[in-house]
Protein chains: 2
Amino acid sequence: MYRMVLNVAAAAVTCFSVAHAETMPLSENLIGLTSPEGQTLLLGSEASNDYFPLSIHFTTQDNPAYCGPATIAMVLNALNVPRPASKMTLGLGMFDQENIFTPAATAVKPAASIVNPPYGMTLDELGGVFAAHDLVVDVVHASDSDLDTFRKTAVSQLRDNDKFILVNYLRKSIGQESGGHISPLGAYDEDSDRILILDVSRYKYPPVWVEAATLFDAMNTVDADNDGNTRGYVSVGH
Amino acid sequence: MYRMVLNVAAAAVTCFSVAHAETMPLSENLIGLTSPEGQTLLLGSEASNDYFPLSIHFTTQDNPAYCGPATIAMVLNALNVPRPASKMTLGLGMFDQENIFTPAATAVKPAASIVNPPYGMTLDELGGVFAAHDLVVDVVHASDSDLDTFRKTAVSQLRDNDKFILVNYLRKSIGQESGGHISPLGAYDEDSDRILILDVSRYKYPPVWVEAATLFDAMNTVDADNDGNTRGYVSVGH
Ligand SMILES: [Ca+2]
Ligand SMILES: [Ca+2]
Ligand SMILES: [Ca+2]
Ligand SMILES: [Ca+2]
């Protein structure tokens with residue numbers, strides 16, 4: 001799916017001088033977090049413990065194939081995993097899209113392989129990199145789950161301060177352009193049955209509230225780059 | 001003030017292997033946004049229009065002298081100023097700490113001069129770079145203002161969707177380590193008379209709620225690198 005995305009990038013080189021003031025338009029089934037309705041949903045959310053720890057580490061993926069590394073950096077920071085120090089951070093620490101690739105993580109998925117065909121990371125590689133950071137990880141392919149199980153899991157992790165949940169889904173299935181994508185979840189609103197995706201492709205889309213059923217269906221799609229398994233979700237914690 | 005900060009960075013090179021799980025501790029007069037009390041203040045804030053547009057563009061300064069460029073990138077994105085496209089953003093646009101330095105901005109303050117003595121940007125340079133992006137800018141040195149005027153201005157800009165306000169203050173004056181710093185404001189809470197600073201030095205401190213009087217006093221300090229003028233605040237809009 002990243003192939004299509006990167007072709008768009010190549011095409012864009014020809015119109016480099018065009019400056020855009022905003023992200024891409026949202027289809028009617030999605031509610032942007034910064035819209036009045038989106039803000040109201042967060043204020044009335046029944047499971048939002050993960051929103052603030054993630055939002056203070058919200059980051060933009062470094063390149064079109066790096067939704068996985070951006071998501072991993074956000075979640076490692078939000079979990080307060082001991083962070084690598086550098087002179088750029090005054091000897092304090094912060095995970096970023098380069099230093100998440102420790103030797104153990106690189107053994108699972110080398111950074112260079114993410115920006116080469118077939119591009120990006122699979123659900124299983126995502127889980128593997130978290131495990132390489134000595135975290136407790138639960139990788140669930142959507143075909144092995146169902147909407148109710150996913151919803152219960154999401155609510156549980158979104159309420160637990162020591163756990164986070166991230167999703168691997170097909171964008172076109174929720175009405176976005178267009179391929180496989182990875183991002184962490186920030187909150188759940190029971191009244192609308194919507195889940196907040198903190199989309200790391202911040203140049204492309206704002207965070208959106210999507211119906212749980214729509215998100216589940218978008219995860220329950222086959223990833224040709226992952227042995228024909230479906231996409232899905234990953235729970236991560238200490 | 002940045003000299004002290006950069007010396008700390010040099011010292012840190014000697015303890016590179018130390019990994020920190022969290023940011024530095026907050027003094028008792030500050031309330032972290034992610035604490036229960038900090039979240040409650042945001043939910044009950046009387047002027048928070050700027051929080052969401054800024055938070056979805058929240059970013060970490062690239063190096064210890066780059067609080068100014070990080071702040072500028074966040075505010076340009078939040079204002080929906082037409083953004084420079086690149087192949088890293090699929091032909092869509094996003095301001096970052098490099099591409100804010102257009103020829104006009106560079107004429108005000110070259111990027112290279114920020115990472116060399118005396119390090120960083122002054123209040124007037126900050127305003128000048130925004131003006132170079134064709135925005136309406138109001139630079140106020142604290143010595144030309146007072147607490148009531150600052151509070152009224154902050155509330156007004158925090159409620160106005162087309163304007164943002166950022167501050168240049170002395171960290172040690174609010175109980176932090178330690179030099180001159182720049183960051184955008186996200187919200188104001190009337191009941192506690194506190195202002196939310198979205199601190200771009202995310203490896204160092206979380207966003208904090210500080211009393212308006214404390215922040216004003218921290219702005220009302222002399223910046224030896226700015227002809228002995230005081231620090232202060234900048235309003236920016238279309
Ligand atoms: Ca609700
Ligand atoms: Ca959680
Ligand atoms: Ca209040
Ligand atoms: Ca405003």
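Below, read A as the first sequence line, B as the second, and so on, with proteins coming before strands; counting in each chain starts at 1. Heavy-atom basis, side chains included; hydrogens, waters and symmetry copies ignored.
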[X] [atom1] to [Y] [atom2] distance, which is reported to the nearest 0.5 Å:
| X | Y | atom1 | atom2 | value |
| --- | --- | --- | --- | --- |
| A/Tyr205 | B/Leu92 | OH | CG | 8.5 Å |
| A/Ser55 | B/Leu33 | OG | CG | 6.5 Å |
| A/Thr23 | B/Asn80 | OG1 | CG | 7.5 Å |
| B/His57 | A/Thr59 | NE2 | OG1 | 13.0 Å |
| A/Asn77 | B/Thr60 | CG | OG1 | 8.0 Å |

Exercise. State whether the side chain of B/Arg83 and the backbone N or O of A/Glu22 hold a donor-acceptor pair below 3.5 Å, judged by distance alone.
Key: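 Such a contact is absent between B/Arg83 side chain and A/Glu22 backbone.
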
Self-check item: Any donor-acceptor pair under 3.5 Å from A/Arg202 side chain to B/Phe58 backbone
Solution: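 Side chain of A/Arg202 to backbone of B/Phe58: a pair is present.
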
Quiz prompt | Ring geometry between B/Phe52 and A/Tyr51 (parallel below 30°, tilted from 30 to 60°, perpendicular above 60°) | solution =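 Plane angle between 30° and 60°, so tilted.
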
Quiz item: For A/Leu76, is it the side chain, the backbone, both or neither that has a heavy atom under 4.5 Å from a heavy atom of chain B?
Solution: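 Neither the backbone nor the side chain of A/Leu76 comes within 4.5 Å of chain B.
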
Quiz item: Side chain, backbone, both or neither: which part of A/Asp62 has a non-hydrogen atom closer than 4.5 Å to chain B?
Solution: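 Interface part for A/Asp62: backbone (N, CA, C, O).
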
Practice problem: With a 4.5 angstrom heavy-atom cut-off, could you sort out which part of B/Asp96 is near chain A: side chain, backbone, both or neither? | Solution: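 For B/Asp96, there is no contact with chain A at all, as no heavy atom is under 4.5 Å.
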
Quiz item: With a 4.5 angstrom heavy-atom cut-off, which part of B/Leu198 approaches chain A: side chain, backbone, both or neither?
Solution: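 For B/Leu198, neither part sits under 4.5 Å from chain A.
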
In this structure, are over 12 heavy atoms from other groups packed under 6.0 Å from [X] atom [atom1]?
| X | atom1 | result |
| --- | --- | --- |
| A/Glu98 | CD | no |
| B/Glu46 | CD | yes |
| A/Lys163 | NZ | no |

Quiz item: Considering all heavy atoms of both residues, which atom of A/Thr34 and which atom of B/Pro53 are nearest to each other, and what is their separation?
Solution: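 Smallest heavy-atom distance, with atoms named: CG2-N, 4.3 Å.
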
Quiz item: Any side-chain heavy-atom pair from B/Leu43 and A/Leu43 closer than 4.5 angstrom?
Solution: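 Yes. Closest side-chain heavy atoms under 4.5 Å.
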
